[in-house]
Amino acid sequence: QVQLVESGGGLVQAGGSLRLSCAASGRTFSRYSMGWFRQPPGKEREFVAAISWSGGSTDYADSVKGRFTISRDNAKNTVYLQMNSLKPEDTAVYSCAGHIMYPQPGASVHIGDYDYWGQGTQVTVSS
């Protein structure tokens with residue numbers, strides 16, 4: 001089992017940047033593919049980005065491609081989401097999630113595949 005804690009959210013102006021972090025407990029973090037999801041106000045949770053357990057494969061929602069970058073440091077049990085060129089429509093609660101996939105490659109984009117979730121961190125982008 002893994003516990004996830006996000007940090008790095010906040011208020012930023014449009015065009016600005018934020019880096020979210022998700023720290024995981026436990027010794028099996030490196031076996032988990034990791035994803036970032038977000039829930040905008042009044043809307044359902046949606047996929048943002050995912051990274052394989054090795055870090056060798058990533059996937060992004062079309063709405064964030066070219067602006068967001070997901071990465072991980074297995075030695076630090078942490079996954080990151082670098083968010084650049086932020087837009088007001090990026091405003092949401094951002095959550096990280098883990099899905100054990102080792103040794104299969106890739107990472108899922110489907111919310112239902114993820115077993116463990118953090119509590120979320122608020123990102124607000126002002127216009």
Side-chain angles (χ1 to χ4, degrees):
Q1 187 169 348
V2 63
Q3 292 183 324
L4 306 172
V5 179
E6 303 96 335
S7 62
L11 174 65
V12 63
Q13 289 188 330
S17 298
L18 282 175
R19 187 175 83 154
L20 305 182
S21 298
C22 173
S25 65
R27 295 180 295 176
T28 58
F29 175 75
S30 61
R31 294 174 177 256
Y32 285 79
S33 65
M34 298 297 295
W36 283 98
F37 296 81
R38 68 186 181 186
Q39 187 166 18
K43 298 184 179 181
E44 294 186 351
R45 184 177 285 175
E46 63 186 21
F47 168 74
V48 176
I51 188 166
S52 62
W53 57 269
S54 68
S57 175
T58 58
D59 203 351
Y60 297 92
D62 288 343
S63 58
V64 306
K65 278 181 182 176
R67 300 189 299 122
F68 290 12
T69 302
I70 189 171
S71 62
R72 68 188 297 160
D73 185 338
N74 285 345
K76 295 183 178 180
N77 278 15
T78 303
V79 62
Y80 305 98
L81 186 67
Q82 178 66 44
M83 306 186 294
N84 298 329
S85 302
L86 283 161
K87 305 175 181 180
E89 50 264 43
D90 294 318
T91 294
V93 175
Y94 285 72
S95 300
C96 65
H99 171 51
I100 191 162
M101 282 195 66
Y102 177 89
Q104 299 175 23
S108 176
V109 303
H110 303 295
I111 292 174
D113 287 339
Y114 285 82
D115 308 297
Y116 302 103
W117 291 82
Q119 83 289 349
T121 185
Q122 176 70 46
V123 172
T124 302
V125 184
S126 63
S127 58

Minimal heavy-atom distance between Gly98 and Met34, with the atoms involved, is CA-SD, 3.6 Å

Using only atom types and a distance under 3.5 Å, with no angle test, would you say the side chain of Ser33 pairs donor to acceptor with the backbone of Ala107?
no

- Over 12 non-hydrogen atoms of neighbours within 6.0 angstrom of CD in Glu89: yes

Distance-only, no hydrogens or angles: does the Ser85 side chain make a donor-acceptor pair with backbone N or O of Arg67 under 3.5 Å?
-> no

Distance col, row Asp90:CG vs Ser63:OG, nearest 0.5 angstrom, shows 7.0 Å

Discussion item. For a side chain to side chain contact (heavy atoms under 4.5 Å, CB included) check, start with the C-alpha distance between Trp36 and Met83, then their side-chain angles and the critical distance, and finish with the verdict.
Written reply: CA-CA 12 Å; Trp36 283 98; Met83 306 186 294; over 6 Å; no

* Is there a donor-acceptor pair under 3.5 Å between the side chain of Tyr114 and the backbone N or O of Ser108? -> yes

Let me see the working for Ser21 and Lys76 under side chain to side chain contact (heavy atoms under 4.5 Å, CB included), right down to the final yes or no.
CA-CA 11 Å; Ser21 298; Lys76 295 183 178 180; over 6 Å; no

Here the pair of heavy atoms bringing Thr69 nearest to Tyr60 is CA-OH, 3.4 Å

Quiz item: Taking C-beta and beyond as the side chain, do Arg38 and Val64 meet within less than 4.5 Å on heavy atoms?
Solution: yes

Note: Ser127 and Pro88 closest approach over all heavy atoms is CB-CG, 3.8 Å

Rounded to the nearest 0.5 Å, the OG1 atom of Thr121 sits from the CG atom of Leu81 at a distance of 11.0 Å

- [ ] Could you walk me through whether Ile111 and Glu46 pass side chain to side chain contact (heavy atoms under 4.5 Å, CB included), step by step?
- [x] CA-CA 8 Å; Ile111 292 174; Glu46 63 186 21; 5.9 Å; no

Salt bridge between Lys65 and Asp62, side-chain N to carboxylate O under 4.0 Å? yes

Note to self: When you group the ILVMFWY residues by side-chain heavy-atom contacts below 4.5 Å and let the links chain together, are Phe37 and Phe68 in the same group?
What the structure shows: no

Hydrophobic cluster identity match, Tyr116 and Met101, side-chain contacts under 4.5 Å = no

Students should find that the hydrophobic cluster of Trp53, defined by side-chain heavy atoms under 4.5 Å apart, otherwise consists of Tyr102

Does the Lys NZ or Arg CZ of Arg72 fall within the cation-pi geometry relative to Phe29 - under 6.0 Å from the ring centre and within 45° of the axis? yes

Tightest non-hydrogen contact, residues Asp59 and Phe47, listed as O-CZ, 3.6 Å

Tightest non-hydrogen contact, residues Val79 and Ile51, listed as CG2-CG2, 4.1 Å

Problem set entry | Shared hydrophobic cluster, Tyr80 / Tyr32 (ILVMFWY, side-chain heavy atoms < 4.5 Å) | no

Any Thr91 side-chain heavy atom under 4.5 Å of Gln122 side chain:
yes

*asked:* Would you say Ile70 ends up clustered with Val2 if hydrophobic residues are merged whenever their side chains have heavy atoms under 4.5 Å apart, either directly or through other cluster members?
replied: yes

Disulfide (SG to SG under 2.5 Å) pairs touching residues 18-127, sequence neighbours excluded, are Cys22-Cys96

Is there a donor-acceptor contact under 3.5 Å from the side chain of Glu6 to the main chain of Gln119? yes

Closest heavy-atom pair, Gly120 versus Val93, reported as atoms and distance to 0.1 Å, is CA-CG1, 3.9 Å

So CG of Leu18 and CG of Leu11: to nearest 0.5 Å the spacing works out to 9.0 Å

_Cluster check Ile100, Leu4: I/L/V/M/F/W/Y, side chain < 4.5 angstrom_ = yes

